[in-house]
Amino acid sequence: MWDMLSWLPENVSTYGGEIDSLFYIIYYITGVAFLLVAGAMIAFVIMYRHREGRRATYLHGNTILEITWTVVTALIFIVLAFMSQPLWGRIKQEVPPTDLQVRVTGKQFNWEIVYPGPDGKFDTADDLQIDNELHVPVNRPVQVFLASKDVIHSFFLPQLRLKQDAVPGRVIQAWFQATKTGRYEIPCAELCGFGHSGMLGYLTVYSPEEYSKWVKEKWPSR
Amino acid sequence: MSESAGVQAVHGAHAHHEELGFLRTYVFSTDHKMIGRQFLFLGLFMLVIGGLLAMMMRWQLGWPETPVPGMRWVPEPYMFEGIIPPQTYNSLFTMHATIMIFFAVMPIMIGCFGNFLIPLMIGARDMAFPVLNMLSFWSGAVGGVVMLSGFFVPGGHAASGWTAYAPLSASAIYTGVDWGQNLWNISLIIIGASSLMGSINYITTIINMRAPGMTWFRLPLVIWSLFITAILLLLALPVLTAALAMLLTDRMLGTHFFLPAGGGEPLLWQHLFWYFGHPEVYVLVLPAMGVTSDVLSTFSRKPIFGYRAMAMSMIGIAFLSWIVWGHHMFLSGMNPALGTAFMMSTMVIAVPSAIKTFNWLGTLWGGSIRLTTPMLNALAFVAIFVIGGLSGVFMASTPVDIFIHDTYFIVAHFHYVVAGIVFGLFAAVYYWFPKMFGRMMNETLGKIHFVLTFVFFNLTFFPMHFLGAGGHMRRIWNPMQYEFLQHFQPMNQFISVSAFILGVSQILFLVNFFWSLFAGKKAEVNPWHANTLEWAAPSPPPHGNWGEQLPIVHHGPYEYSVPGVEEDYLPQTRPHALPVTAGH
């Protein structure tokens, strides 16, 4: 129970593993830092407890020690920032080329999901809207255009390590690539009103064959 | 300095002749010590209310949709036979945070201890502007009444989170809350004014009214922390006040600052809010850091390690706190490139916090440590702050934040940082109670209270990291609505039970506090054998604090165990040549 890492939900996205690795690295670094500080604190409280006849050391500081721990701490944090940046860029600033696009619009308290249909264009006659049901094939990047009709919502795919706010008045891009078939929940992660708790959609990840079958079912004319 | 000291001497002499009536002494007092006590009682009252709101939330999370014991009297639609509906749950967490931040921690740490300690520790007779000081308290009290009145208006209290993200907060159509949210806005605008009056007073007093010999680097760190806090407040709260005014006009006058339908920008609210909100975090935590520094040094019988580094790191934190607000907004839809910049600044602000921690450890090293109740609480503050600081590294890393943002990992983190302040708060109350009320608090009861609080604080908040790692969203009314969270139900119940015991344990503190107020052992002038100036004044100090003569300061506040001095402390008022030591 006390192992933080055992609580992460199963990861089923391409970049999720890298997020988890970074989580692990920070967990170990901060874990060691905590043990050192807490250990020193407990040790000092025991070693230097008040005893009759012993006086405390008259000492105001140690410049070299202070400079050392400042520099070491700063270096650790700078390294962490540089380790984080490339992954952030790949998840949030670049979208891999893909022909799979969906429009996800939050509204109190549902996800409106619009598929562009076979023509690949939104706002045409073959668009299909299904509330709270996102269907995608496995192992292919999916581009999501996030919007909102009322307040801020947050599109959260826990097993795919994706979260992005949907803001009224904006269209925000996000993407993911699922690595395992199955059905996953899409909760809203930003407080959006009395129905926020329970605002929930589902992501269905199909094998390529099942996905073709689903497409045929939804757009039979093709 | 000599001129203002002269003015103070006249004021002090004048005070002796003045017999004040009940109202002027206890209600509309302009004495900084009475105002400090008033803030303390206001804050403790609100702390209890804020805590009870949290208990109700924990009931709903542990045993969703079952009646809260003893709450069947609440009328519909706020509760149904004791069952908390989602709308009420949203009000509960909104008001828990609002009350704890603005009406419990700020009044106690800044209002009470700022007022009580600043004149006493710098050697002044009162604040620079005593009437303004009284107005600051009474406008704060009015703000509190306005805030509490929101519970009794149709539609219920504000339910858009303490962060009040627009557009949810900007129009009644989205939440169904009308006057609750308006009163929330109005109350916080009043509190903004109260806080402004206080901070101007603190800054002016510390700059102009220090006793002869009290140079900047002879100030106790708790005064440094309050000085820096006051500057942050002076600059940060008006931003919130302006944003609140804009939000209120959006709600009531039909403007569209934050409503996209009329061309407004929801993210503007977040920028303004967090531009205030992040310095606010340090406003809350800096005074607790100052208290901890003073208490650790006193009960280690040792000079604080790296005094100047401690003061400078607080200044560093204050500057950096203005350029980290965007880390609350990594996933808000702002340009992800900005996320990179804010990640960098956020990693940097961890450095001065780390310096402070190491210096606290350095203070313990080689000390002669007495584990009194204030000391235990100060040590706990350090330990808890370390966990809160380290858990912050996870969300500072932008990719990790994608997963843990808006989950219980964040809830765990900020409770370790801002709820951990209660240990600084308890340290301060146990430490200065003798000076404030002239009686000692009970040590045994204090230690039992400490152990229970420390254990159940951790059992309440630490498992929330696990919930967050599991993706458990914050601000959800019923986790059982989600398949992927159902396995957390036993843990949610464990957290709830721990929270209840944590809450009940606080009765020990209240009993100790009120019992000691009337029946505690009479306090000596300097019961802890501490150096700082307040311990040179009588317990409790009279109006004007110092009798005829202002104290004269001869050296820094942390000269403990000085070689060649018989006792292990050297009050700032006692002249003595100090040996030259390594490092400083």
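Sequence lines set the chain letters: A, B, ... in the order given, protein chains first and strands last, and positions in each chain run from 1. Quantities reported herein were computed from a predicted structural model and do not represent experimental measurements.
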Any donor-acceptor pair under 3.5 Å linking the side chain of Y58(A) with the backbone of K302(B)? no

Rounded to the nearest 0.5 Å, how far apart are CG of L364(B) and CZ of R49(A)? 14.5 Å

Kindly say whether S368(B) contributes a backbone atom to a donor-acceptor pair with the side chain of R51(A) at under 3.5 angstrom? no

Point-to-point distance, once rounded to the nearest 0.5 Å, from CZ of F488(B) to CH2 of W7(A): 5.5 Å

Using non-hydrogen atoms and a 4.5 Å limit, figure out which bit of A38(A) sits close to chain B: side chain, backbone, both or neither. neither

Examine whether an atom of V45(A) lies under 4.5 Å from a heavy atom of chain B, and if so say whether it belongs to the side chain, the backbone or both; otherwise answer neither. both

Main-chain N/O of G193(A) paired to N90(B) side chain as donor or acceptor, under 3.5 Å: yes

Whatever's closer than 4.5 Å to a heavy atom in chain B on E190(A) counts as both

Check: T398(B) side chain, W88(A) main-chain N or O, donor-acceptor pair, under 3.5 Å: no

Give, as side chain, backbone, both or neither, the part of E185(A) having an atom under 4.5 angstrom from any heavy atom of chain B. side chain

Between the main-chain N or O of A40(A) and the side-chain N or O of W365(B), is there a donor-acceptor pair closer than 3.5 Å? no

Determine yes or no for a side-chain-to-main-chain donor-acceptor pair under 3.5 angstrom, with K163(A) supplying the side chain and L331(B) the backbone. no

Side-chain donor or acceptor of R161(A) paired with backbone N/O of V400(B) under 3.5 Å: no

Side chain, backbone, both or neither: which part of I19(A) has a heavy atom under 4.5 Å from chain B? both

Toward chain B, the part of M199(A) with a non-hydrogen atom under 4.5 Å: backbone

For V351(B), is there any backbone N or O sitting under 3.5 Å from a side-chain donor or acceptor partner on T73(A)? no

Contact part of I76(A) toward chain B, heavy-atom cut-off under 4.5 Å: side chain, backbone, both or neither? neither

